[in-house]
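Every heavy atom of this structure was used, including side-chain atoms; hydrogens, water molecules and symmetry mates were not. Chain letters run A, B, ... following the sequence lines, proteins first and then strands; every chain starts at 1.
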Amino acid sequence: MNNLELSKLIFPNLEKSPADYEEMYPARELPEGAKVTRLGPSPTGFIHLGNLYGAFVDERLAHQSGGTFFLRIEDTDDKRFVENAVETIITSLDFFGIKFDEGVTETGDIGSYGDYTQSHRAEIYRTYAAELLSKGLAYPCFLSEDEITAVREKQESEKLTPGIYAGWSKYRDWDKDPAIEEEMLSKLKAGEPYVIRLKSQGTPNVRADEAVRHLVTDAVRGELSVPENFQDIVILKQTGIPTYHFAHVVDDHLMRTTHVVRGEEWLPSLPIHIELFNDLGWDIPVYCHTAQLMKIGEDGNKRKLSKRKDPELSLDYYRSQGYHPAAVREYLLTILNSNYEEWRAANPEASVDEFEFTTEKMSSSGALFDLDKLNDVSKGVMLNIPACEIAAWLKSWSEEFAPEYEYAFRDMALLEQILDIGRHDARPRADLVYARQIMDFISYFFDESFEIVDEYPAEAAEDADKILSAYLESYDHSDDNEQWFAKIRELATELGYAAKPKDYKKNPDDFKGHVGHVSTVIRIKLMGRAQSPDVWTIQQIMGEAKVRERLSK
RNA sequence: GGCCCCAUGGUCAAGUGGUUAAGACAUCGCCCUUUCACGGCGGUAACCCGGGUUCGAGUCCCGGUGGGGUCACCA
């Protein structure tokens, strides 16, 4: 029996040939330089900041080059499947402004390079497995789990690289030994389970400095020299479903992906993919191995974000805290491209589309996620969003994540005024960061959440009642800011406080305190806290009735 | 352990053989100021180590060290 006959024996009824698929999925007609990228999540439905970070690279690369960005579902591991995962993936990415041109959608596939769900592509993978079989570059392997374990143990004791490769699976050499051929054939006939392995042409167990190497240009890392693969990795599992390696190569070729963006954890398996591309006679796409987002682990060292250990880094965490998607996007972009922040400072209002994102400007070392920085970036982003939009966004956030704030949205015009305090001054306030923080920041406007949290300053505590009753008595809601503050000064002076803080600092013995202490008493009575934006402005928004009510309680 | 990747202040990072080694965040001080925020000024703080190449090395080469990743019929 020869290779072709074996291939036909194993895959007797293939619908199409490799040439047919080449014809079905021709090279894309796209403008010069257009990039085709893809996101290939497994359907666990869990997406964290690190995934989003990578997704932005794909999205930017495709969309700023006039290319195509598609979604492919990599569900070759049935154990990972989670109900509604695809929908979750699409909606969470959409929330952060990541939109696909092609691939899986909630209402079916879009595009002519599908099917875009790997579990639906079994026939295609079989065809290419048959192709490798017929070229003598693959073989059926009947090794059981126990046998493989025994092989590994032997290899470990002999200090050899563990794995199945030349010399360790007898089925690899079926064509050299009639006895093995016969055994293989009878197992095949008996329907015994097997996997299809690549028959790697690499040389096993050579010293690193003597190994054959492939030179690859990675778009973010530059020149890479990787040793050739020699492992007979599984390409089709017992179930007939491909492993990631095989599916990646077949799909990205057939879907005409030009740029493969993936985390650096894939770097060690790059040699496998190179061998597979070469065996099938295909061009290798441009690889972009991105550095991973890291966080500080319990031991004080950096480590890769993990979905199991870091639930607080899930996208839902940021949504439930109420970080605006634009803020998260802006932050991710600043760590994605080193010159983005500078560009943004020079072009505060420009659309991200105007920024030229490049893989060369990406860092090849993993960045530590920095919440302080996110918060800072968010302040700036919020400042550029009109109050009416923030109000509407807060409302929908509250409906989904924090219904207890319902009272704040009964009067949207009022809410807008509150949010806009000090935002149009020459030096605008930047104190809106994320929804939960904002709700706390403005809580004193609403009786439902108003509470006295600070104590009167020691300098004026004794006179608090006097200050408050005198203030209430002289209060005129129609006073402008200047008139209003002149009255406070007057009141302070009458009670023995310095009208200017400087006077008090110079001669602390001459006064009980200064006007700041007096106004703090009023601020606490009105707002419940010693710190807030301008009192007069707040009073104007609160309205006379509420001001008088709070002062007289 | 083998292999692979990475290495500039606490964090993100400019820097491509000659710089007083940028900038941002954080932090500290001062100023502005009725508080806070904003803004302004200033401070503390870095090229992992050792060899080599060179007139000259953060930058190039080699070797360590450290950190990360990976060694599945998971992706």
Side-chain angles (χ1 to χ4, degrees), chain A residues 40-42 44 74-80 118 141 143 145 148 152 156 159-163 193-197 205 207-208 211 218 221 224-227 231 233-239 241-245 247-248 262-271 289 291-292 294 296 301-304 331 334-335 338-339 341-342 344-345 363-377 379 383 421-423 425-432 441 454 457 485 488-489 492 497 499-502 514-520 522-524 527 529-536:
Chain A
S42 64
T44 56
E74 309 207 336
D75 55 348
T76 54
D77 180 12
D78 42 7
K79 290 183 280 294
R80 283 200 181 203
Q118 289 183 332
C141 179
L143 253 29
E145 220 171 292
I148 292 173
R152 195 182 51 243
E156 274 165 10
K159 299 234 191 303
L160 291 170
T161 309
Y194 63 92
V195 299
I196 304 288
R197 286 186 186 275
N205 289 313
R207 287 201 349 238
D218 185 286
R221 281 154 205 277
L224 245 34
S225 161
V226 298
Q231 294 275 354
I233 52 110
V234 171
I235 60 176
L236 287 189
K237 309 179 207 174
Q238 252 178 48
T239 52
I241 298 293
T243 54
Y244 168 86
H245 307 300
H248 152 55
R262 45 150 67 152
E264 63 184 335
E265 72 270 22
W266 288 108
L267 235 23
S269 49
L270 184 54
H289 287 101
Q292 296 290 49
M294 313 286 265
I296 293 285
N301 286 326
K302 274 190 186 184
R303 68 171 166 72
K304 176 184 155 188
Y331 170 68
T334 66
I335 53 177
S338 51
N339 52 335
E341 198 171 5
E342 208 175 307
R344 176 52 83 196
S363 172
S364 43
S365 60
L368 219 45
F369 175 76
D370 185 350
L371 191 63
D372 283 327
K373 188 72 180 182
L374 202 215
N375 286 337
D376 182 66
V377 167
K379 282 183 189 174
L383 204 47
I421 294 174
R423 300 210 322 151
D425 298 356
R427 293 202 307 245
R429 302 184 66 92
D431 31 29
L432 271 25
F441 186 69
D454 286 330
F485 194 61
I488 303 269
R489 283 220 157 100
Y497 293 82
K500 295 189 173 173
K502 272 186 182 162
H514 63 74
V515 66
H517 299 124
V518 174
S519 68
T520 297
I522 297 168
R523 193 184 301 273
I524 289 172
M527 270 71 90
R529 47 181 77 178
Q531 299 173 353
S532 81
D534 176 57
V535 173
W536 180 82

Does a donor on one side chain sit under 3.5 Å from an acceptor on the other, for A/Arg221 and A/Ser364?
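A/Ser364 and A/Arg221 do not have a side-chain donor-acceptor pair below 3.5 Å.
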
Hydrogens and angles aside, do A/Glu265 and A/Gln292 bring a side-chain donor and acceptor to less than 3.5 Å of each other?
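The answer is yes; a qualifying pair exists.
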
Just the rounded figure in Å: distance from [atom2] of [N] to [atom1] of [X].
X: A/His289; N: B/rG68; atom1: NE2; atom2: C1'; result: 15 Å
X: A/Leu383; N: B/rG39; atom1: CG; atom2: C1'; result: 13 Å
X: A/Leu270; N: B/rC5; atom1: CG; atom2: C1'; result: 12 Å

For [N], does OP1 or OP2 lie under 4.0 Å from any side-chain N or O of [X]?
X: A/Ser269; N: B/rC71; value: no
X: A/Ser338; N: B/rA14; value: yes
X: A/Lys237; N: B/rC74; value: yes
X: A/Arg523; N: B/rU34; value: no

Comparing A/Val195 and A/Arg221 on RNA chain B - which has the more 5′ nearest nucleotide:
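So the residue in question is A/Arg221.
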
Mind checking whether A/His248 and A/Tyr244 have parallel, tilted or perpendicular rings, split at 30° and 60°?
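Rings of A/His248 and A/Tyr244: parallel, under 30°.
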
Suppose we call a contact any N or O donor and acceptor under 3.5 Å apart; does that hold for the side chain of A/Arg429 and the base of B/rC38?
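No.
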
Applying a 4.0 Å non-hydrogen cut-off, can you work out what [X] is touching in the nucleic acid: base, sugar-phosphate, or nothing?
X: A/Thr239; result: nothing
X: A/Asp534; result: base
X: A/Ala530; result: base
X: A/Leu143; result: base

Are any of the side-chain nitrogens in A/Asp425 or A/Arg427 under 4.0 Å away from the carboxylate oxygens of its partner?
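Between A/Arg427 and A/Asp425 there is no salt bridge, as every charged N stays at least 4.0 Å from the carboxylate O atoms.
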
